[in-house]
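As a basis for the values below, the full set of heavy atoms in this structure was taken, side chains included, without hydrogen atoms, waters or symmetry mates. Every value quoted in this text rests on a predicted model; they were computed, and no experiment measured them.
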Amino acid sequence: MKKLLACILVLALCVPCALVEEKDNRYDAMEYGGEPGWVCVQRDGLWGVVDSTGVLVIPCEWDEIGLITQTKVAVCRDEKWGWLDLQGNVLLRVEWDAIDREIQGYFNVGQDNLWGLMDANGTLVMPLEPGVIGEELVGEESYVFRGLEPVDRR
């Protein structure tokens with residue numbers, strides 16, 4: 001009886017492992033997405049994103065996947081970057097040399113070593129100029145500043 005229970009326990013533990021392994025075999029590579037619940041996956045040399053249940057939410061059609069936040073993902077094709085929401089909708093067209101984190105609801109974008117802030121409608125609210133754009137918190141107020149040294153953050 002003990003042997004039978006031990007066999008049942010071993011089988012019960014192995015079946016979920018086999019299912020997880022089978023799920024992983026759909027992709028050539030997997031990497032942590034930087035935000036809990038999201039995983040970057042690669043198939044045939046292109047990247048996408050799966051959620052915590054294993055559902056593919058961003059198809060494997062991108063050269064690179066960058067930063068993933070709670071609501072969006074940075075994607076790259078032909079060395080140009082943009083933002084998608086986690087349903088695959090375009091938030092910022094894939095046309096920028098570099099993008100950085102969101103600052104006060106705006107997209108931090110870089111082109112030809114110049115940086116600016118763009119709203120969701122594609123309007124530059126801070127023009128492309130030399131220097132990295134950042135955000136500082138002073139007391140309870142935050143303000144946007146332009147730094148001196150450009151960097152490439154993806």
(Q) Please report the interatomic distance NZ(Lys72) to CD(Gln87), rounded to the nearest 0.5 Å. (A) 12.5 Å
Q. Is a side-chain N or O of Asp85 found less than 3.5 angstrom from the main chain of Thr71, in a donor-acceptor match?
A. no
Q. Leu92 pairs by side chain to side chain contact (heavy atoms under 4.5 Å, CB included) with which of Ile99, Val75, Leu84?
A. Ile99
(Q) I'd like to know if Met30 and Trp38 are part of one continuous hydrophobic network [Ile/Leu/Val/Met/Phe/Trp/Tyr, side-chain heavy atoms within less than 4.5 Å]. (A) no
Q.
In the structure I gave you, are the side-chain heavy atoms of Ile68 and Cys40 within less than 4.5 Å of one another anywhere?
A. yes
**Q.** Non-hydrogen atoms of Arg26 and Gly54 that approach each other most closely
**A.** NH2-O, 3.0 Å
Q) Do Tyr106 and Thr123 come within less than 4.5 Å of each other through their side chains, counting heavy atoms only? A) no
Q. Short question: side chain of Arg146, backbone of Glu129 - any donor-acceptor pair under 3.5 Å?
A. yes
Q. Between atom CD of Glu135 and atom CG of Asn108, what is the distance when rounded to the nearest 0.5 Å?
A. 10.0 Å
**Q.** Exercise: do Thr69 and Glu35 side chains pair donor with acceptor under 3.5 Å
**A.** no
Q. Taking atom CD of Glu141 as the centre, does the number of heavy atoms from other residues, nucleotides or ligands within less than 6.0 Å exceed 12?
A. no
**Q.** Worked check of side chain to side chain contact (heavy atoms under 4.5 Å, CB included) between Ser142 and Gln104
**A.** CA-CA 9 Å; Ser142 67; Gln104 295 184 2; 3.0 Å; yes
Q) Should Phe145 and Val125 be regarded as members of a common hydrophobic cluster, given that ILVMFWY residues are connected when their side-chain heavy atoms come within less than 4.5 Å of each other, either directly or indirectly? A) no
Q: Would you indicate whether the side-chain heavy atoms of Met126 and Met118 approach each other to under 4.5 Å?
A: no
Q. Hey, what do you get for CG (Asp44) to CG (Asp28), rounding to the nearest 0.5 Å?
A. 6.0 Å
Q) How long is the span from the CZ atom in Arg93 to the CZ atom in Phe107, to the nearest 0.5 Å? A) 12.5 Å
Q) When rounded to the nearest 0.5 angstrom, what is the spacing between CD1 in Ile65 and CG in Leu46? A) 9.5 Å
**Q.** From CG (Asp100) to CH2 (Trp81), nearest 0.5 Å
**A.** 11.5 Å
Q.
Between Asp63 (side chain only) and Asp78 (backbone N and O only), is there a donor and an acceptor less than 3.5 Å apart?
A. yes
Q: State plainly whether the residues Arg77 and Glu64 are in salt-bridge range, i.e. N to O under 4.0 Å.
A: no
Q | Within-4.5 Å side-chain heavy-atom neighbours: Asp51 and Thr53 | A | yes
Q | Side-chain heavy atoms of Trp62 within contact of Val49, under 4.5 Å | A | no
Q | Side chain proximity check, Val73 to Leu86, heavy atoms < 4.5 angstrom | A | yes
**Q.** Closest non-hydrogen atom pair, Trp115 against Ala98
**A.** CH2-CB, 3.7 Å
Q. Do the side chains of Gln42 and Tyr27 get nearer than 4.5 Å, heavy atoms only?
A. no
Q: Establish whether Leu91 and Leu67 are linked, either directly or via other cluster members, by ILVMFWY side-chain heavy-atom contacts under 4.5 Å.
A: yes
Q | Counterpart residues, side chain to side chain donor-acceptor pair (under 3.5 Å), relative to Glu61 (two or more places apart) | A | none
Q) Should Trp47 and Cys76 count as side-chain neighbours, where that means a heavy-atom distance under 4.5 Å? A) no
Q) Do Trp83 and Leu124 share a hydrophobic cluster, counting only Ile, Leu, Val, Met, Phe, Trp and Tyr and linking them when any side-chain heavy atoms are less than 4.5 Å apart? A) yes
Q. Hey, is the main chain of Asn121 close enough, under 3.5 Å, to the side chain of Asp119 for a donor-acceptor pair?
A. yes
Q.
When you measure from the side chain of Asp112 to the backbone of Leu114, do you find a donor-acceptor pair of N or O atoms at a distance under 3.5 Å?
A. no
Q. Under a single-linkage definition using a 4.5 Å side-chain heavy-atom cutoff for Ile, Leu, Val, Met, Phe, Trp and Tyr, are Val109 and Val94 assigned to the same hydrophobic cluster?
A. no
